[in-house]
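Here the structure comes first, spelled out in structure tokens, and everything after it is commentary.
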Amino acid sequence: MADPKGFLTTGREVAQTRPVAERVKDWNEVYVPGSLLPIISKQAGRCMDCGIPFCHNGCPLGNLIPEWNDYAYREDWTAASERLHATNNFPEFTGRLCPAPCESACVLGINQPAVTIKNVEVSIIDKAWESGDVTPQPPERLSGKTVAVIGSGPAGLAAAQQLTRAGHTVVVYERADRIGGLLRYGIPEFKMEKSHINRRIEQMRLEGTKFRTGVEIGQDIDAAKLRRRYDAVVVAAGATVSRDLPVPGRELGGIHFAMEYLPLANKVQEGDLTVPPITAAGKHVVVIGGGDTGADCVGTAHRQGAASVTQLEIMPKPGEERNPGQPWPTFPMLYKVTSAHEEGGERVYAVSTTHFEGDADGNVAALHLVEVEFTDGKLEQKPGTERRIPAQLVTLAMGFTGTDQSNGLVQQFGLELDQRGNVARDEHYATNVDGVYVAGDAGRGQSLIVWAIAEGRSAARGVDRFLTGTSALPAPIRPTDRSLLV
């Protein structure tokens, strides 16, 4: 145990953010560089080394949280990094982007503020990179087997790294011009600077993983031909079909999916563009959708100089504390103020968009909404609550409905889909096509980054077993596992 009295004597402290007035003028990460290390050892000492560490259940990766908390408390950063990487290929991603279901399941969190597990994790990995503890781990021998991975998001990258280290020759295909999937173009720079992706990709290159960008399977290469070329294929193409809003006026200019808007802002940071084709500069912006992607749109609009930003959510405003219907250790729906929300804007709950209003040029000028409530499980509008708000840029951030079927990948492979429109798979992540496996959102549906990495690791075991007859690779989750919810 780290500090036997730590949870009694030390209060919870989280990462310090830069002043709002400063950070909205740039695209750097919002946290004060180096602010965690002076406090993180004591924060790790708050871990109680529980007899049954429920944080393991909250995390689908099965992270060894009490162990690396103990090492972090003792400032043995090398040992902490080793235990962290034992279950997680990319802790610098999850430490920045994961909503930390492990903290919701922390035993201390029953009646006190939970351990800052996420902050400890990111401190360990940042220290590991700084000290040179993160090195390439090429396989000792090659198997002679080849694997194609379709998609370079967290699931695809995790599967690729696991299979490369197992000795297989792995090629990752990405339809975008850079590796990273939604990590690259869906996550704004202020949440995670892309240098973290770049150095991890370089590590994977040195281990032997090969990358092919600007290649869309189903369009540039026939999926059936790809299957014949490789001994196995992992489909990790994500759930990239955005949920639409079919109301009158949807065809007006200035209404875009979040994943049309966010990648262009990231391309400016990559140096590909000087000014994004879709920008919030000087406009009244409305973001429809109250989740993390919506918050990303809010923060991006602030940095682009929006005149105003309003975020709409159809669900009621959550409470700030657990309600009885969401007991510990489940992941509760709580009112969350992200760094983007700290920067300004209005958040409106329990409303639904009825229609858009256009100007003389065919562009959106306003949005009409009405308050709603759930009655007997049905969503009903409240008469007399209609109102109009100005909107010159609208981003739709209402989630995703499934993997892309328009490019021919699903049809060319002949993949079967489940009732939710995801690629069907068995207990080993295998599809109905021999040698073709699926990992991440393409098989699970829209989910969290930590689940994507866990799926990639688990699917890698299935592929390794298919290629060699056995496997020593870990499989942290089953395809049917789900988050700990009520």
Side-chain angles (χ1 to χ4, degrees), residues 1-17 30-31 35-74 80 83-84 87-88 91-126 191 291-292 295 318-339 341-342 448-451 453-454 476 482-486:
M1 187 171 184
D3 181 356
K5 297 182 180 180
F7 68 98
L8 297 172
T9 60
T10 303
R12 177 182 166 106
E13 289 185 75
V14 297
Q16 182 182 351
T17 55
V30 301
Y31 297 104
S35 64
L36 275 175
L37 280 181
I39 66 170
I40 206 63
S41 292
K42 281 194 172 183
Q43 289 302 304
R46 297 182 71 237
C47 178
M48 300 191 296
D49 191 22
C50 308
I52 300 177
F54 277 81
C55 53
H56 288 193
N57 297 77
C59 176
L61 283 166
N63 280 335
L64 307 172
I65 296 166
E67 295 184 34
W68 42 259
N69 272 334
D70 180 66
Y71 286 124
Y73 171 73
R74 303 177 193 282
R83 299 316 288 150
L84 189 55
T87 57
N88 188 350
E92 64 270 39
F93 302 163
T94 53
R96 286 173 167 82
L97 305 175
C98 182
C102 53
E103 293 187 18
S104 298
C106 173
V107 174
L108 183 59
I110 295 175
N111 57 9
Q112 293 188 44
V115 175
T116 54
I117 299 171
K118 181 176 173 177
N119 283 181
V120 176
E121 177 182 27
V122 80
S123 299
I124 293 170
I125 185 56
D126 284 354
K191 281 184 69 175
D292 288 338
E320 297 187 10
E321 297 182 357
R322 286 183 184 270
N323 66 51
Q326 297 173 335
W328 176 90
T330 61
F331 189 68
M333 297 299 294
L334 300 176
Y335 179 70
K336 182 170 64 173
V337 179
T338 70
S339 64
H341 297 128
E342 291 174 351
L448 303 177
I449 181 175
V450 70
W451 282 91
I453 295 174
R482 291 294 181 267
S483 300
L484 191 60
L485 300 171
V486 175

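Contact annotation: the side chain of Asn63 approaches that of Trp68 to within less than 4.5 Å [non-hydrogen atoms, C-beta and beyond]. Taking the side chain as every heavy atom from C-beta outward, Cys47 and Tyr73 never approach each other to under 4.5 Å. Looking at heavy atoms from C-beta onward, Pro476 lies out of side-chain contact with Thr87 at the 4.5 angstrom threshold. The side-chain heavy atoms of Trp328 and Val107, taken from C-beta on, include a pair separated by under 4.5 Å. Side chains of Asp49 and Asp70 form no contact here, defined as non-hydrogen atoms less than 4.5 Å apart. The shortest side-chain heavy-atom distance between Phe54 and Ile65 does not fall under the 4.5 Å cut-off.
No side-chain donor-acceptor contact under 3.5 Å links Gln43 to the backbone of Val14. When atom types are taken as modelled, the side chain of Glu103 and the backbone of Ile117 share a donor-acceptor pair closer than 3.5 angstrom. Proximity of a side-chain donor or acceptor of Thr17 to a complementary backbone N or O of Tyr31 within less than 3.5 Å is not detected. Side-chain atoms of Arg46 come within 3.5 Å of backbone atoms of Pro113 as a donor-acceptor pair (strictly under, hydrogens ignored). No donor-acceptor distance shorter than 3.5 angstrom exists from the side chain of Arg96 to the backbone of Lys191, with no hydrogens or angles considered. A donor-acceptor contact shorter than 3.5 Å links the side chain of Arg322 to the backbone of Thr330.
Residues Lys336 and Asp292 share a closest heavy-atom pair of NZ-OD1, 3.1 Å. Heavy atoms only, all atoms of each residue included: Leu36 and Ala15 are closest at CD2-CA, 3.7 Å. For the residue pair Ser41 and Ala72, the shortest heavy atom distance occurs at OG-O, 3.1 Å. Among all heavy-atom pairs drawn from Ser123 and Asn119, the shortest one is OG-O, 2.8 Å. Smallest separation of non-hydrogen atoms from Pro53 and Pro66: CB-CG, 3.8 Å. Nearest approach of Ala295 to His341, heavy atoms of both residues: CB-CE1, 3.9 Å.
To the nearest 0.5 Å, atoms CZ (Arg12) and OG1 (Thr116) are separated by 6.0 Å. Rounded to the nearest 0.5 angstrom, Cys98 SG and Ile453 CD1 are separated by 8.5 Å. Taken to the nearest 0.5 Å, the CG atom of Asp126 stands 10.0 Å off from the CD atom of Glu121. Asn323 contributes atom CG, which lies 10.5 Å from atom CE of Met333 (distance to the nearest 0.5 angstrom). The CG atom of Leu84 sits 9.0 Å away from the CD atom of Glu92 when rounded to the nearest 0.5 Å. In this structure, Ile449 CD1 and Thr94 OG1 are separated by 6.5 Å, a value rounded to the nearest 0.5 Å.
Checking Thr10 against Asp3 by side-chain atom types alone, no donor-acceptor pair falls below 3.5 Å.
For Leu8, the CG atom sits in a packed shell: over 12 heavy atoms of surrounding residues, nucleotides or ligands are nearer than 6.0 Å.
The side-chain hydrogen bond (donor to acceptor under 3.5 Å, both in side chains) check on Trp451 picks up Ser483, with sequence neighbours excluded. Not counting sequence neighbours, the partners of Glu342 by the side-chain hydrogen bond (donor to acceptor under 3.5 Å, both in side chains) test are Arg23.
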